[in-house]
Amino acid sequence: MADMGAFRDAVRGWANGGSGESASELAERLGIRTAVLLEGPSDLAAVEALAARRDRDLAAEGVAAVSMGGAMSVARYAGLLGPPGLGLRLTGLCDERERPFYDRGLKRAQAADSAFFVCVSDLEDELIRALGTARAEEIVETEGDLRPWQTFLSQPAQHGRPRHDQLRRFLGTKKGRKIRYGHLLVEALNADEVPAPLADLFASL
């Protein structure tokens with residue numbers, strides 16, 4: 001049976017120069033009506049974690065959350081999935097520094113009216129801010145990352161930096177860590193602590 005993972009794989013292949021036939025067939029079979037464009041896999045992990053917490057089956061709702069592999073791919077993905085391509089409604093998250101790039105890309109894809117929700121720095125920044133650094137550090141310790149965290153803090157480049165910035169940088173120092181903590185940080189949030197960009201995204205779906 002076709003699933004959302006197969007659709008994401010088909011879209012990725014299409015974005016890399018393959019045929020869009022499989023993505024189009026899967027979109028129709030799965031009843032996809034909305035594509036949530038996300039910069040990377042850690043954002044996707046956070047979106048999936050929040051959907052699970054809220055007992056929302058995005059696939060059943062016709063919503064496909066798609067990791068683009070970088071903000072510079074937004075015009076390509078918007079063109080494939082938006083009005084010029086599959087004709088899906090587009091939404092998603094973007095970082096403040098990337099906002100002009102998104103605006104240009106969405107305009108090129110004839111999707112300038114799409115609602116994208118803006119994180120100040122990135123989603124990890126928003127999640128750490130929502131939890132507070134003390135709670136974020138507790139998660140690091142609980143997950144068995146205390147020793148690498150302490151080693152990271154001992155590096156001269158980290159001396160004197162705000163704890164928030166240190167935590168955010170630490171999440172990106174090992175492959176797969178941002179993805180894992182994308183889940184963990186969302187799971188640790190209280191219901192009223194979900195950062196505004198993420199909460200607004202879900203409210204729009």
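The residues of the chain are indexed from 1 along the displayed sequence. Below, each value reflects all heavy atoms present in this structure, side chains not excepted, and no hydrogens, waters or symmetry copies.
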How close do Ser22 and Ala10 get, heavy atom to heavy atom, and via which atoms? OG-CB, 3.8 Å

Nearest non-hydrogen partners of Tyr77 and Ser67, listed with the distance: OH-O, 4.1 Å

Do Arg104 and Val74 have side-chain heavy atoms sitting under 4.5 Å apart? no

State, with a plain yes or no, whether a side-chain heavy atom of Leu38 is found less than 4.5 Å away from one of Val47. yes

What is the distance from atom CZ of Arg180 to atom CG of Leu171, rounded to the nearest 0.5 Å? 9.5 Å

Do NZ/NE/NH1/NH2 and the carboxylate oxygens of Asp145 and Lys174 come within less than 4.0 Å? no

Nearest-0.5 Å distance that lies between atom OG in Ser114 and atom CG in Leu90: 4.5 Å

Closest heavy-atom pair and its distance - Phe116, Leu93: CD2-N, 4.0 Å

Determine, for Asp9 against Arg12, whether the closest basic-nitrogen to carboxylate-oxygen distance falls under 4.0 angstrom. yes

Are Arg129 and Asp125 within salt-bridge range, i.e. N to O under 4.0 Å? yes

Does Arg177 reach the side chain of Pro148, with side-chain heavy atoms less than 4.5 Å apart? yes

Is it the case that Arg54 places NZ or CZ above or below the six-membered ring of Phe202, under 6.0 angstrom from the centre and within 45 degrees of the axis? yes

Given the rule that I, L, V, M, F, W and Y join up when any side-chain heavy atoms are under 4.5 Å apart, are Leu44 and Met4 in one cluster? no

Do Ile179 and Val36 land in one hydrophobic cluster if side-chain heavy atoms of ILVMFWY residues count as linked below 4.5 Å? no

Give a yes or no on this: more than 12 heavy atoms of other residues, nucleotides or ligands lie within 6.0 Å of atom CZ of Arg108. no

Spell out, as yes or no, whether a donor-acceptor pair under 3.5 Å connects the side chain of Ser24 to the backbone of Glu21. no

Grab the two heavy atoms, one from Glu96 and one from Val120, that are nearest each other, plus how far apart they are. CB-O, 3.2 Å

Nearest heavy-atom pair of Cys94 and Arg99: which atoms, and what distance? SG-CA, 4.4 Å

Measure across Arg76 and Ala15 and return the closest heavy-atom pair with its distance rounded to 0.1 Å. NE-O, 3.3 Å

Result block: side-chain N/O donor-acceptor pairs under 3.5 angstrom for residues 183-199, not counting sequence neighbours:
| unit_1 | atom_1 | unit_2 | atom_2 | d |
| --- | --- | --- | --- | --- |
| Asn190 | ND2 | Glu193 | OE1 | 3.4 |
| Asn190 | ND2 | Glu193 | OE2 | 3.4 |
| Glu193 | OE1 | Arg135 | NH1 | 3.3 |
| Glu193 | OE1 | Arg135 | NH2 | 3.0 |
| Glu193 | OE1 | Asn190 | N | 2.8 |
| Glu193 | OE2 | Arg135 | NH1 | 2.8 |

Check for me, please, whether Leu58 and Phe7 land in the same ILVMFWY cluster - side-chain distances under 4.5 Å, paths through other members count. no

Any donor-acceptor pair under 3.5 Å from Thr133 side chain to Arg163 backbone: no

Within a strict 4.5 Å, meaning less than it, do heavy atoms of the Asp43 and Glu124 side chains meet? yes

Do Ser204 and Phe117 have side chains that approach each other closer than 4.5 Å (heavy atoms only, starting at C-beta)? yes

Would you please name every residue forming a salt bridge (charged side-chain N to carboxylate O under 4.0 Å, His left out) with Glu61, sequence neighbours left out? Arg56

Any side-chain heavy atom of Tyr102 sitting closer than 4.5 Å to one from Val118? no

Taking the side chain as C-beta and beyond, is there a heavy-atom pair between Leu123 and Leu127 under 4.5 Å? yes

Is the closest side-chain heavy-atom distance between Ile128 and Glu137 below 4.5 Å? no

Evaluate the side-chain contact (heavy atoms from CB on, under 4.5 Å) criterion for residues Leu153 and Arg161: first the C-alpha distance (whole Å), next the side-chain angles of each, then the deciding distance (0.1 Å), finally the verdict. CA-CA 10 Å; Leu153 291 177; Arg161 295 187 70 196; over 6 Å; no

Rounded to the nearest 0.5 Å, what's the gap from CG on Leu26 to CD1 on Ile32? Could you check? 7.5 Å

Residues Thr34, Thr91; criterion side-chain contact (heavy atoms from CB on, under 4.5 Å); working and verdict: CA-CA 7 Å; Thr34 298; Thr91 187; 4.0 Å; yes

Pairwise distance CZ(Phe152) to CD(Gln158) - rounded to 0.5 angstrom: 3.5 Å

